[in-house]
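Everything below concerns the one structure shown next.
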Amino acid sequence: MCIRDSMYATQKIPRCLSFALFWMLTAVVIGQSLRESRGSLAGATKQYEERWQAVQGRFKNDAGFMNLVKREKERRDHFLSYSPIDPNNAYDLENQAILMRDNSKWLNGMLVNPATPSDSEGVYWDGMGNSLRIRKVEGKYYFVINKYESSHGHQGSIAGAFGEWEIGRATFKGDFGPEVDPNAEYFPRKPKPKIGSVKFELRNGLLVVTTSGSIRSIGGPRASFAAVYSRVSVLKERDDRILREGLQHYGPLKFQSPFK
């Protein structure tokens with residue numbers, strides 16, 4: 001009996017040590033991950049603040065434009081602080097760092113290679129998860145907006161085209177009504193067009209998008225495509241795919257995509 005107890009004890013000691021070593025190594029890894037995540041967020045926050053200072057310095061003499069930018073920054077600051085963050089959760093910190101860097105790119109669009117009427121192709125963000133892409137094809141500008149409302153999950157897409165910019169402005173209109181009246185069998189009548197419009201205005205590199213009419217029906221009752229976008233990159237292969245798909249599926253009635 002004593003011999004068996006002694007053998008059991010000698011077998012149990014290494015097992016206890018292995019568990020202790022496992023948890024010790026796990027704690028080290030978690031600690032390193034948490035430190036890295038805190039450092040990542042600190043770096044993203046620093047970059048965001050530096051670019052905000054640069055924007056204020058660049059446009060300090062344009063009061064009207066700065067009022068627009070400050071309102072937009074307040075929206076972004078509210079968006080960044082919308083969900084509580086656990087300072088001891090590496091996942092929370094990394095997500096916040098990603099959002100912070102996205103908004104830094106939004107600010108950078110005014111500082112580096114801003115969009116102009118003669119150079120407006122590219123990928124635009126509003127800094128809150130929504131994107132707009134523009135490509136010029138045979139004298140027309142084609143666009144796709146992908147909208148995702150993170151606060152309530154409503155999302156949608158819209159696509160269309162407009163001609164040349166006029167004094168930094170352009171407008172797109174289309175009929176977004178149903179092709180066939182679903183109640184025509186019971187109440188014969190001519191379907192009424194549901195006209196919607198999207199207006200674009202370039203201001204110091206930012207692209208201000210406003211909508212009116214029935215345009216919102218494409219994106220759900222609470223999703224709006226209106227936003228202030230900033231160009232963040234040139235179009236790449238992935239963006240070409242998004243443009244092609246959007247122009248094929250999300251345009252108004254009778255809209256023709258330039259991509260066959």
Side-chain angles (χ1 to χ4, degrees), residues 41-83 96-134 136 141 143 145-151 158 160 162-173 196-213 215-216 219 222-234:
L41 179 56
T45 302
K46 182 174 182 292
Q47 182 187 64
Y48 181 64
E49 292 173 348
E50 288 175 347
R51 288 182 177 174
W52 171 235
Q53 292 297 323
V55 166
Q56 291 182 93
R58 175 78 62 86
F59 302 106
K60 62 183 179 182
N61 295 324
D62 191 337
F65 179 70
M66 279 308 303
N67 286 335
L68 167 68
V69 177
K70 287 177 179 178
R71 286 197 304 270
E72 285 300 308
K73 185 177 181 297
E74 288 177 0
R75 291 181 64 232
R76 280 154 182 74
D77 289 344
H78 175 74
F79 175 77
L80 289 168
S81 61
Y82 182 79
S83 299
Q96 186 72 357
I98 290 170
L99 293 174
M100 193 73 73
R101 282 191 287 270
D102 284 352
N103 278 275
S104 287
K105 289 181 180 179
W106 183 85
L107 290 170
N108 207 43
M110 290 175 271
L111 302 170
V112 179
N113 193 27
T116 65
S118 60
D119 176 21
S120 55
E121 286 191 330
V123 180
Y124 297 74
W125 287 352
D126 75 342
M128 291 179 282
N130 308 303
S131 62
L132 181 154
R133 290 165 176 83
I134 296 177
K136 190 174 185 180
Y141 290 95
F143 71 91
I145 303 176
N146 292 307
K147 185 76 174 178
Y148 177 72
E149 297 284 359
S150 59
S151 60
I158 184 173
F162 56 88
E164 294 291 342
W165 296 92
E166 296 183 8
I167 320 176
R169 295 181 176 88
T171 301
F172 160 76
K173 287 186 178 181
S197 65
V198 183
K199 294 184 179 180
F200 303 87
E201 181 183 3
L202 284 166
R203 296 187 63 182
N204 291 329
L206 292 182
L207 184 53
V208 182
V209 176
T210 55
T211 63
S212 61
I215 206 83
R216 296 175 181 225
R222 296 178 64 194
S224 170
F225 300 105
V228 179
Y229 296 87
S230 177
R231 186 165 64 175
V232 295
S233 76
V234 298

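Any value given below was found using the heavy atoms of this structure, including those in side chains, with hydrogens, waters and symmetry copies removed. The chain is numbered in sequence order, starting from 1.
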Checklist outcome for this item: The reported gap from CZ in F200 to OH in Y141 (rounded to nearest 0.5 angstrom) is 12.5 Å
Checklist entry - Which value, rounded to the nearest 0.5 Å, describes the distance between I145 atom CD1 and N130 atom CG? => result 9.5 Å
Item to check | Over all atoms of both residues, closest heavy-atom pair of L202 and T116 | outcome: CD1-C, 3.5 Å
Next on the checklist: I need the minimum non-hydrogen distance between P114 and G205, along with the two atoms involved.
Outcome noted: CB-CA, 3.5 Å
Checklist entry - Quick one: CG on L132 to CZ on R231, what's the gap to the nearest 0.5 Å? => result 12.0 Å
Next on the checklist: Can a donor-acceptor pair be found, under 3.5 Å and without considering hydrogens, that links the side chain of R76 to the backbone of D126?
Outcome noted: yes
Next on the checklist: Tell me the closest heavy-atom pair linking S230 and G109, and the distance in Å.
Outcome noted: OG-CA, 3.0 Å
Item to check | Inter-residue atom distance I158.CD1 - T211.OG1, 0.5 Å rounding | outcome: 8.0 Å
Checklist entry - How long is the span from the CZ atom in R203 to the CE atom in M110, to the nearest 0.5 Å? => result 11.5 Å
Checklist entry - For N146, which residues count as a side-chain contact (heavy atoms from CB on, under 4.5 Å) partner, sequence neighbours excluded? => result S131, R133, V144, S157, I242
Next on the checklist: Please list all pairs meeting salt bridge (Lys or Arg N to Asp or Glu O under 4.0 Å) that have one or both residues in residues 49-71, counting only residues at least two apart or in different chains.
Outcome noted: K46-E50
Checklist entry - For S233, what residues pass the side-chain contact (heavy atoms from CB on, under 4.5 Å) criterion, not counting sequence neighbours? => result V123
Next on the checklist: Please determine whether salt bridge (charged side-chain N to carboxylate O under 4.0 Å, His left out) holds for the pair R169 and E166, giving the CA-CA distance in whole Å, both sets of side-chain angles, and the decisive distance to 0.1 Å.
Outcome noted: CA-CA 5 Å; R169 295 181 176 88; E166 296 183 8; over 6 Å; no
Checklist entry - Within the side chain of W106, is there an N or O that forms a donor-acceptor pair under 3.5 Å with the backbone of M128? => result no
Checklist entry - Any side-chain heavy atom of D102 within less than 4.5 Å of one from V232? => result no
Checklist entry - Below 4.5 Å, heavy atoms only, C-beta onward: do N204 and V69 meet side chain to side chain? => result no
Next on the checklist: Could you measure the distance from the CZ atom of F79 to the CG atom of L99? Nearest 0.5 Å is fine.
Outcome noted: 5.0 Å
Checklist entry - Taking the six-membered ring of W52 as reference, does the NZ or CZ atom of K73 fall below 6.0 Å from its centre and within a 45° cone about the axis? => result yes
Checklist entry - Tell me, do V209 and Y124 make a side-chain contact under 4.5 Å, heavy atoms counted? => result no
Checklist entry - Backbone N or O of L80 within a donor-acceptor pair of the Q96 side chain at under 3.5 Å? => result yes
Next on the checklist: Please give me the minimum heavy-atom distance between W165 and P117, naming the atom from each residue.
Outcome noted: CD1-O, 3.3 Å
